Engineer: 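First, the structure itself, so that you have it in front of you.
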Amino acid sequence: MTGFLKLVFRNRLAALGAVVLAAILILALVTPLLPLADPDIPATADRFKPPFSEGHLLGTDHLGRDLLARLLWGTRLSLAVGIAAALIAGTIGSAIGIVAGYFGGRVDNLIMRGVDMLMAFPYILLALAIVAALGPGLMNALIAVAAVNIPFFARNIRGVTVGLAGREFIDAARLAGMGHTRIILTELLPNVASTIVIAMSTTVGWMILETAGLSFLGLGSQPPVADLGSMLGEARAALITDPHTSVVPGIMIFLIVMSINLLGDGVRDALDPRLRSGALTRPRAVTLVDRKGHIPADDQNGLLDIQALETQFHVNRRIFRAVGGVSLHVKPGEALGIIGESGSGKSVTALSVMGLVASPPGVITGGAVRYAGEDLLAADYRSLRRKRGENVAYIFQDPLSTLHPLYRVGDQLIEAIQAHHRVTTGEAHARAVELLKAVRIPNAESRIRNYPHEMSGGMRQRVGIAMALANDPDVIIADEPTTALDVTVQAQILALLDELRRERGLAIVFITHDFGVVAQLCDRVAVMYAGRIVEEGPTATILDAPAHPYTRRLMACVPELGQGKRELAAIPGLPPVVSDLPPGCAFAPRCDKATDACRAGEVALEACRAGVNAPYGSATHKVRCLHREATPAREEATT
Ligand code: ADP
Ligand code: MG
């Protein structure tokens, strides 16, 4: 609850609304205790006194009644009616909605068509008709306002309930022998409660306005008792000569409705997890680049060259350093592996290359990404967009979520081709068939008419690869493309990628968490931990003699066939949260070799010393660790 309040109050406008509304509510509550004049007794001698006159702080109205007293009593009445109407409409509407959504079928149809009939009438006309039928009076105005708002709640809550009613926990409750009433009250209601609260908090303001509107027309509260609407109505005649009589209730209505709406919006944002995480704000077309430090110069390291890249997520006031200064490069025809536990920043690194990290909250705060020497982070959107797919293409983990379920795979391939090339659909179609053949899909001519769900997982991933190849890119970034597949299909996909690389001279950046995959495909490998590279070098060297304790632990997690009874050593502890990294080596808290020096300060990524763990003194084998001791296997080899 305190967490919820904190969330609400972090929104300044909501906090302001809450303060104003609280003040008004307190005033309304203590009104009977205040030394006020009687609001309903006229004193014709004191007509139309201006504000701040003696004994009448806000002046008097056309019958000489004290405006302050009438205002406070009127506010009480307006608030009471508005809130009561919201509660009634909310309760009845939600009950209708839950019942309709839970039972579905004919019950749902019957109820919702009735609700639709109510909704078919213009809102305020319906309220007027109800009051006309029942006769004027505050109570009848309340009934009218509540009645016209019931459909709104019913529709809203039904929508949410329908989504919940088919879920497993409802089935489980049914299997447990619970009756309908009990399921609705104990299983459904708690789950839709937040929607009800949101709907109410955003509509109370409306209902107060509607009641005021009816009273203004003389259909609500009857003289001499006044609510805010009837005060406005009575002041109408003196609007020009004595404006204070209208301004006073007008300001109060404004304050009440504004504060309720501001607070209501704040409550909705705090309760709605989608809004809270910013999912409804559309991400920008390119990741925001806000580089503070100096931009590294081109050192012509490869076709794609990532230099000291830093990517962060700015969520509220927390900063997640997902990528903290990563440098990598690939040459044409080379396969680079990036390996690390999940959450180590592999995907964010890969997405940063083409500015695909969602912003907000993502921001690239430092470094450079050079493609053939050109800094992509400085490129304008149009040239970057041309390069996406044309020069650098991606393959993602789950082909089921990257392929559109409602389009045939052929159409999606054709679209990918036509996005970059002005070719006729016929030509694009021929090219699409060719691509499917290139990724070894049998019967490409008929398969091209399949929908994604008609294909197997491996087949879908082949389509994903075909799509990446559609525009003959030079670099393919594959983000765990085989993680969702079984081992035999994985082997086929890896073999395919390897063949394509040799045939077309592709540079491949292959992200995985599996050392076996790296061994099969990659020439070089970079090990990532907590957003940084902790070890990098030729695959064979690292597999033979890993120098970083993390790499060794990671390799120890891989089961091997024919190794007899070997204990699989899981790495103890969890990867650190990247918003709160320790000062020294990020792996120190989980490392059994860690000393105070490790925790003290920055550890550099340095070439392995000759003779220690790389007997040939490989300058390409770099490691970020103070304890790079030799692995036993390598020691034997050197002695
Ligand atoms: P992986 O290595 O598994 O691909 P990611 O690159 O996806 O890991 O994520 C790296 C880090 O970035 C994670 O620790 C995660 O907490 C953080 N991160 C990713 N997306 C967001 C986001 N939208 N908001 C905040 N943090 C994020
Ligand atoms: Mg990932």
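Remember, predicted model here, so these are calculated numbers, not experimental data.
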Engineer: Pick from L138, L228, V81: which one makes a side-chain contact (heavy atoms from CB on, under 4.5 Å) with S221?
Structural biologist: L138
Engineer: Looking only at side chains, do R386 and Y381 share a donor and an acceptor under 3.5 Å apart?
Structural biologist: no
Engineer: Write out all pairs satisfying salt bridge (Lys or Arg N to Asp or Glu O under 4.0 Å) with one or both partners inside residues 213-228, taking only residues at least two apart or from two chains.
Structural biologist: none
Engineer: Would you say Y407 and E415 are linked by a side-chain donor-acceptor pair, where the criterion is simply a distance under 3.5 Å?
Structural biologist: no
Engineer: Can you see whether R318 engages S579 through a side-chain donor-acceptor pair at a distance of less than 3.5 angstrom?
Structural biologist: yes
Engineer: Which of these passes side-chain contact (heavy atoms from CB on, under 4.5 Å) with F313: I319, V323, V363, V348?
Structural biologist: V348
Engineer: Measure from the side-chain N and O atoms of R284 to the backbone N and O of S359, and report whether any donor-acceptor pair falls under 3.5 Å.
Structural biologist: no
Engineer: Taking only residues at least two apart or on different chains, which pairs with a member in residues 91-109 satisfy salt bridge (Lys or Arg N to Asp or Glu O under 4.0 Å)?
Structural biologist: D108-R158
Engineer: Quick one: do the T245 and D61 side chains pair a donor with an acceptor below 3.5 Å?
Structural biologist: no
Engineer: Among I157, T91, I111, exactly one meets side-chain contact (heavy atoms from CB on, under 4.5 Å) together with I96. Which residue is that?
Structural biologist: I111
Engineer: Does either side chain, that of H404 or that of Q412, offer a donor lying less than 3.5 Å from an acceptor on the other one?
Structural biologist: no
Engineer: Please collect all salt bridge (Lys or Arg N to Asp or Glu O under 4.0 Å) contacts where either partner lies in residues 109-132, sequence neighbours excluded, each pair once.
Structural biologist: R113-D116, D116-R155
